[in-house]
Number of protein chains: 2
Amino acid sequence: MWIAELSRRTDVPVPTIKYYLREGLLAPGEAVGATRSRYDESHVRRLRLIRALVESGGLSLARVRSVLAEVDEESRDVHEVLGAAHGALIPDDLTATVESRLRVDELIAEHGWLVFAESTDRILLAGALDALEKVGYHLDDDLLQVYAKAAAEIADAEVAHLPSGDRQSMVEATVLVTALGGPVLLALRRLAQQSASAKRYGSSHLPG
Amino acid sequence: MWIAELSRRTDVPVPTIKYYLREGLLAPGEAVGATRSRYDESHVRRLRLIRALVESGGLSLARVRSVLAEVDEESRDVHEVLGAAHGALIPDDLTATVESRLRVDELIAEHGWLVFAESTDRILLAGALDALEKVGYHLDDDLLQVYAKAAAEIADAEVAHLPSGDRQSMVEATVLVTALGGPVLLALRRLAQQSASAKRYGSSHLPG
DNA sequence: CAATATTGGAGAGTGGTACTCTCCAAAAGT
DNA sequence: ACTTTTGGAGAGTACCACTCTCCAATATTG
């Protein structure tokens with residue numbers, strides 16, 4: 001298919017596709033003569049993945065680029081991609097106090113989690129705890145435990161539900177679940193918060 | 001205190017404070033003469049809240065402005081603020097298919113959640129489910145149930161842990177927990193995912 | 001065969017966000 | 001008298017994610 005059809009199939013404007021090509025987010029099509037290239041299903045797929053990560057996952061193009069690099073790194077197995085993709089999914093200017101880092105390490109040990117030692121998620125989590133402390137809100141240990149337990153249940157279910165198939169599909173599914181499952185989970189949590197708050201501080205105007 | 005001290009206390013540069021004043025995110029100080037104003041603890045507090053929402057919560061200034069407007073709306077009780085703040089916390093260009101909306105409504109009904117009928121979270125969630133469908137990944141019903149159950153447990157614990165105090169503190173705590181608890185939860189989930197994946201697809205290089 | 005449309009490629013331009021800088025005269029501190 | 005700080009406002013900057021413009025080289029259509 002030509003670029004116009006690729007655009008139609010994915011609802012991505014031609015100039016944007018050209019931009020992604022220039023930025024190396026999308027592999028060039030097969031050159032046919034000097035002024036046209038043929039694209040295929042893999043381009044449709046990749047373009048949809050990019051848009052999903054950007055629009056729904058809220059990732060920057062730079063982050064998408066890193067994630068795609070991991071997805072395409074054939075030498076990595078599914079599990080390794082998870083760690084690498086996590087690294088690519090999150091910001092890179094991380095700092096955290098020693099206290100929070102220790103708290104995170106303890107939590108991980110306590111739950112018997114097997115985590116890449118150099119995982120940036122450790123520091124990200126410690127930084128998030130610090131941010132709460134900084135505004136004078138300490139996250140209680142038992143609340144943190146509730147979070148951790150819930151996170152473990154969710155993660156187990158997510159990993160168990162990953163479709164088995166060729167490496168490429170599994171890796172894509174992994175990235176998608178991680179990136180797009182986040183918004184789903186947060187939206188559900190907010191709905192549940194409304195409900196919990198309604199039950200506790202009961203309000204008159206709740207048409208259910 | 002003068003603006004310089006406010007800057008020192010909060011680690012926010014003076015020009016940025018001036019910018020926030022201009023943008024109406026921060027109330028003006030008490031004018032003392034034509035060329036200086038006095039700031040107090042409430043400004044320190046507010047500035048820290050803004051930075052926490054922006055830096056850790058990842059909110060845009062526009063979103064922060066909406067949230068603060070709800071925080072300052074004295075006529076709203078704690079529960080109402082939650083709904084209103086949720087509305088302010090999330091984007092406003094929401095769309096979702098009828099199918100997903102119905103699925104969300106059913107889920108809410110099934111769990112007996114009391115949710116503002118006009119809650120934007122409903123549509124946000126439906127849209128997130130649509131996004132997954134669009135890339136060919138259907139979120140299984142049992143996985144969605146796991147999410148919902150976990151979300152309910154988390155939300156209950158969060159609401160139960162809200163410190164009781166004056167309205168202002170409770171509202172601020174509510175906003176903070178919602179906005180900053182998200183990153184904490186997502187980071188924990190990623191750590192748990194790594195662990196779940198390690199246990200399932202066992203890899204040789206996991207130094208714990 | 002002529003007229004029209006499409007393509008790849010590359011550079012320039014746009015719109016939005018969040019600052020950051022510059023300047024000023026008034027006032028305060030020393 | 002002199003230096004410093006302030007409020008206020010406008011201009012400038014940096015980054016991001018496009019989006020537009022232009023071109024010559026094809027393809028397609030009548």
Side-chain angles (χ1 to χ4, degrees), chain A residues 1-40 43 46-68 88-89 91-93 179, chain B residues 1-40 43 46-68 88-93:
Chain A
M1 76 189 81
W2 311 119
I3 200 170
E5 191 180 341
L6 181 60
S7 166
R8 246 176 288 121
R9 294 263 316 265
T10 56
D11 266 316
V12 178
V14 171
T16 303
I17 296 178
K18 286 183 170 187
Y19 169 65
Y20 288 168
L21 286 167
R22 254 181 294 167
E23 293 291 305
L25 290 168
L26 193 64
E30 179 203 353
V32 177
T35 64
R36 53 197 40 207
S37 301
R38 213 186 296 279
Y39 302 91
D40 59 27
H43 292 93
R46 177 53 54 98
L47 216 33
R48 293 217 175 115
L49 178 61
I50 294 171
R51 300 306 292 182
L53 293 177
V54 167
E55 287 177 0
S56 310
L59 301 198
S60 68
L61 291 190
R63 211 108 9 116
V64 170
R65 198 191 338 269
S66 316
V67 172
L68 293 179
L89 277 168
D92 32 42
D93 56 336
Chain B
M1 78 189 81
W2 310 120
I3 199 171
E5 191 181 341
L6 181 60
S7 168
R8 245 177 289 121
R9 294 264 316 266
T10 56
D11 266 317
V12 178
V14 171
T16 304
I17 297 178
K18 285 183 171 188
Y19 169 65
Y20 288 168
L21 286 166
R22 253 182 295 167
E23 293 291 303
L25 290 168
L26 192 63
E30 179 203 353
V32 178
T35 65
R36 56 197 38 210
S37 301
R38 212 185 297 279
Y39 302 91
D40 59 29
H43 292 93
R46 177 51 55 98
L47 215 35
R48 293 216 175 116
L49 178 61
I50 294 172
R51 299 305 291 183
L53 293 177
V54 167
E55 288 177 1
S56 310
L59 301 198
S60 68
L61 291 189
R63 210 105 13 114
V64 170
R65 200 192 335 270
S66 318
V67 172
L68 294 180
L89 277 169
I90 66 187
D92 31 41
D93 55 336

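Because the structure is predicted, anything quoted here is derived from the model rather than measured. We name chains A, B, ... by the order of the sequence lines, and we start the count at 1 in each one.
- Mapping Trp2(B) and Lys18(B) onto DNA chain C by nearest heavy atom places Lys18(B) closer to the 5' end of the strand.
- Residues satisfying the side-chain contact (heavy atoms from CB on, under 4.5 Å) criterion with Ser37(B), sequence neighbours excluded, are Ala31(B), Tyr39(B).
- Note on residues 26-39 of chain A: no pairs pass salt bridge (Lys or Arg N to Asp or Glu O under 4.0 Å), not counting sequence neighbours.
- At the phosphate of dG7(D), OP1 or OP2 sits under 4.0 Å from a side-chain N or O atom of Tyr39(B).
- A search for salt bridge (charged side-chain N to carboxylate O under 4.0 Å, His left out) contacts involving Arg63(A) returns nothing, not counting sequence neighbours.
- For Arg22(B), the salt bridge (charged side-chain N to carboxylate O under 4.0 Å, His left out) criterion is met by no residue, not counting sequence neighbours.
- Near-neighbour residues of DNA chain C inside residues 20-32 of chain A, defined by a heavy atom below 4.0 Å, number-ordered: Arg22(A).
- Heavy-atom contacts of chain B under 4.0 Å fall on DNA chain C between two terminal nucleotides, which in 5' to 3' order are dA18(C) to dA28(C).
- Under the rule for a side-chain contact (heavy atoms from CB on, under 4.5 Å), the partners of Glu23(A) that lie at least two apart in sequence or sit in another chain are Tyr19(A), Leu25(A), Arg65(A).
- Remark: Pro13(A) engages Pro15(A), Thr16(A) in a side-chain contact (heavy atoms from CB on, under 4.5 Å) (not counting sequence neighbours).
- Scanning residues 59-66 of chain A for heavy-atom distances under 4.0 Å to DNA chain D yields Ser60(A), Leu61(A).
- Within the structure, side chain to side chain donor-acceptor pair (under 3.5 Å) contacts touching residues 50-61 of chain A (residues at least two apart or in different chains) are Tyr20(A)-Arg51(A), Arg51(A)-Glu55(A).
- Contacts of Ser7(B) classified as side-chain contact (heavy atoms from CB on, under 4.5 Å), with partners at least two apart in sequence or in another chain: Val14(B), Ile17(B).
- Under the salt bridge (charged side-chain N to carboxylate O under 4.0 Å, His left out) criterion, Arg48(A) pairs with no residue, sequence neighbours left out.
- A donor-acceptor pair is defined here as one N or O able to donate and one able to accept, closer than 3.5 Å; such a pair exists between the side chain of His43(A) and the backbone of Ala27(A).
- In this model, the phosphate group of dT19(D) is approached by a side-chain N or O of Thr16(A) to a distance below 4.0 Å at OP1 or OP2.
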